[in-house]
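Below is one structure, written out as structure tokens; comments come after it.
In what follows, every heavy atom counts, from backbone to side chain, and hydrogens, waters and symmetry copies are set aside.
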Amino acid sequence: MGCDGGTIPRRDELVRVKKRPEQIDKDAETVAKWQHCAISQEKLCPPIVSCDLGRLYNKEAVIEYLIKKEPICEVAKHIRSLKDIIEINLTENSGYKQKLADKGDEYVDRQASRYICPVVGLEMNGKHKFCYLRQCGCVLSERALKEVKSEVCHKCGTKFTEEDIIVINGNDEEVAGLYEKMKEKRLKQKAEKKTKKRKSENIVVKSEEKKPKSIIDGSIPSTSSQQNESIKITEKEKVNVVKPSTKWILPNTAKSNYSVAKDPKMSETYKSIFTSHKSAQNKPQAHWVTHNPLYY
């Protein structure tokens with residue numbers, strides 16, 4: 001029955017039993033979610049951002065992930081650009097003391113959080129539900145939103161709706177609901193972009209229809225009666241165009257019979273610039289002429 005020394009063996013020592021599956025330490029899991037970045041697993045440090053699913057990231061880690069895009073992180077696979085994240089506004093805990101190293105000579109509270117709810121004062125350590133508002137990014141506890149009901153943020157005063165409330169590090173059901181909301185929001189954004197493009201195209205088409213057609217050789221092409229009434233050009237304004245490809249029409253003063261000296265509308269100071277003026281005719285002329293040596 002017994003072994004040397006009078007010991008009696010137990011059943012689990014004699015019979016092989018299936019090992020129990022390893023269980024995840026819940027405290028370690030909460031600390032990893034609420035105090036570390038979901039991508040790099042480093043400690044959260046400002047600026048801290050969150051996505052539509054309520055996960056916490058370091059902004060620097062998100063930018064590096066978007067630049068490299070390899071390897072693909074399953075946690076942040078839904079983040080396509082910086083527009084899919086929001087920088088959250090956290091409230092510092094004045095009683096929090098950060099220790100550089102755990103020497104083992106004193107008790108270290110792993111559940112102590114650096115951030116708290118600005119309304120109720122609950123620590124943001126995973127024991128209580130926290131939410132952030134999509135409009136302003138302020139982080140509040142769920143208890144504060146339920147007890148102090150308001151349509152305005154308790155911290156900054158920005159208006160918000162129930163759709164703007166996003167649970168941080170929620171359970172599987174809450175994450176699934178947030179994922180469906182994210183899909184609906186992106187579909188709405190695509191539909192709005194399409195409607196804006198169509199409106200802009202319609203505006204461009206209408207503006208082109210309203211523009212008058214090009215006038216070539218002083219004649220107006222045949223158009224509808226409404227356009228003919230709106231565009232009327234008299235025979236005096238019709239002048240030959242320099243080139244058929246251009247739309248510019250020469251003025252009446254460009255005719256061959258026109259002279260600046262005979263124009264009564266021009267001033268004497270303006271006429272004195274030209275050699276046809278009477279003051280320029282009596283001036284002495286030079287007795288020599290310079291010739292270009294290339295011309296004979």
- Straight-line distance of Ile86 CD1 to Cys136 SG, nearest 0.5 Å: 9.5 Å

- If we only count heavy atoms from C-beta on, is the His36 to Val31 side-chain gap below 4.5 Å? yes

- Message: Please check this pair: side chain of His154 against backbone of Val148, looking for a donor-acceptor N/O pair closer than 3.5 Å.
- Response: yes

- Return the set of residues passing side-chain contact (heavy atoms from CB on, under 4.5 Å) with Lys127 (not counting sequence neighbours), or none when no residue passes. Gln111, Asn125

- Task: Evaluate the side chain to side chain contact (heavy atoms under 4.5 Å, CB included) criterion for residues Thr158 and Val152: first the C-alpha distance (whole Å), next the side-chain angles of each, then the deciding distance (0.1 Å), finally the verdict.
- Result: CA-CA 5 Å; Thr158 306; Val152 177; over 6 Å; no

- Task: Could you grab the distance from atom CG of Leu145 to atom SG of Cys153, nearest 0.5 Å is fine?
- Result: 8.5 Å

- Message: Please find the pair of heavy atoms, one from Gly126 and one from Trp34, that lie closest to each other, and give the distance.
- Response: CA-NE1, 3.2 Å

- Message: Which residues pass the ring pair (Phe, Tyr, Trp, His ring centres under 6.0 Å) test with Tyr179, not counting sequence neighbours?
- Response: none

- Note on the structure: Tightest non-hydrogen contact, residues Cys51 and Tyr57, listed as SG-OH, 3.3 Å

- Qualifying salt bridge (charged side-chain N to carboxylate O under 4.0 Å, His left out) pairs, either residue in residues 150-169, two or more places apart: none

- Single-linkage hydrophobic cluster, 4.5 Å side-chain cutoff, Val49 and Leu90 together: no

- Value rounded to 0.5 Å, distance of CD in Gln35 from CG in Leu56: 11.0 Å

- Query: Got a sec: does the CD1 of Ile72 have more than 12 other heavy atoms crowding it under 6.0 Å?
  - Reply: no

- When rounded to the nearest 0.5 Å, the distance separating CD1 of Ile168 from CD of Glu142 is 11.5 Å

- Item | Main-chain N/O of Asn171 paired with Glu174 side-chain donor or acceptor, under 3.5 Å | yes

- Shared hydrophobic cluster for Met182 and Ile79 (ILVMFWY, side-chain gaps under 4.5 Å): no

- Mind checking what makes side-chain contact (heavy atoms from CB on, under 4.5 Å) contact with Ile116, not counting sequence neighbours? Thr91, Asn93, Glu123

- Item | Minimal non-hydrogen separation, Tyr65 against Lys77, with atom names | OH-CA, 3.9 Å

- Item | side chain to side chain contact (heavy atoms under 4.5 Å, CB included) assessment of Arg114 paired with Glu92 | CA-CA 6 Å; Arg114 184 179 175 180; Glu92 292 280 346; 3.5 Å; yes

- Are Leu140 and Phe160 connected in the hydrophobic side-chain network, where two residues link if heavy atoms are under 4.5 Å apart? yes

- Under the salt bridge (charged side-chain N to carboxylate O under 4.0 Å, His left out) rule, collect the residues that match up with Arg198, sequence neighbours excluded. none

- So CE of Met124 and CZ of Phe130: to nearest 0.5 Å the spacing works out to 6.5 Å

- Between Ile48 and Cys45, what is the shortest heavy-atom contact and its length? CG1-O, 3.6 Å

- Query: Rounded to the nearest 0.5 Å, how far does SG of Cys138 lie from CG of Asn89?
  - Reply: 4.5 Å

- Task: List the atom of Ser40, the atom of Asn58, and the distance in Å for their closest heavy-atom pair.
- Result: OG-ND2, 4.4 Å

- Task: Considering non-hydrogen atoms only, spot the tightest contact between Val175 and Leu53 and give its length.
- Result: O-CD2, 4.0 Å

- Message: Hydrophobic clusters here meaning ILVMFWY residues chained together by side-chain heavy-atom distances under 4.5 Å, can you tell me if Ile85 and Leu178 are in one?
- Response: no

- So which pairs with a foot in residues 45-59 pass salt bridge (charged side-chain N to carboxylate O under 4.0 Å, His left out), sequence neighbours left out? Asp52-Lys185, Lys59-Glu87

- Message: For His78 and Lys183: C-alpha separation, side-chain torsions, deciding distance, then whether side chain to side chain contact (heavy atoms under 4.5 Å, CB included) applies.
- Response: CA-CA 10 Å; His78 59 283; Lys183 279 185 175 180; over 6 Å; no

- Residue pair Ile166, Arg134: steps toward the side chain to side chain contact (heavy atoms under 4.5 Å, CB included) verdict: CA-CA 7 Å; Ile166 295 175; Arg134 192 180 291 163; 3.3 Å; yes

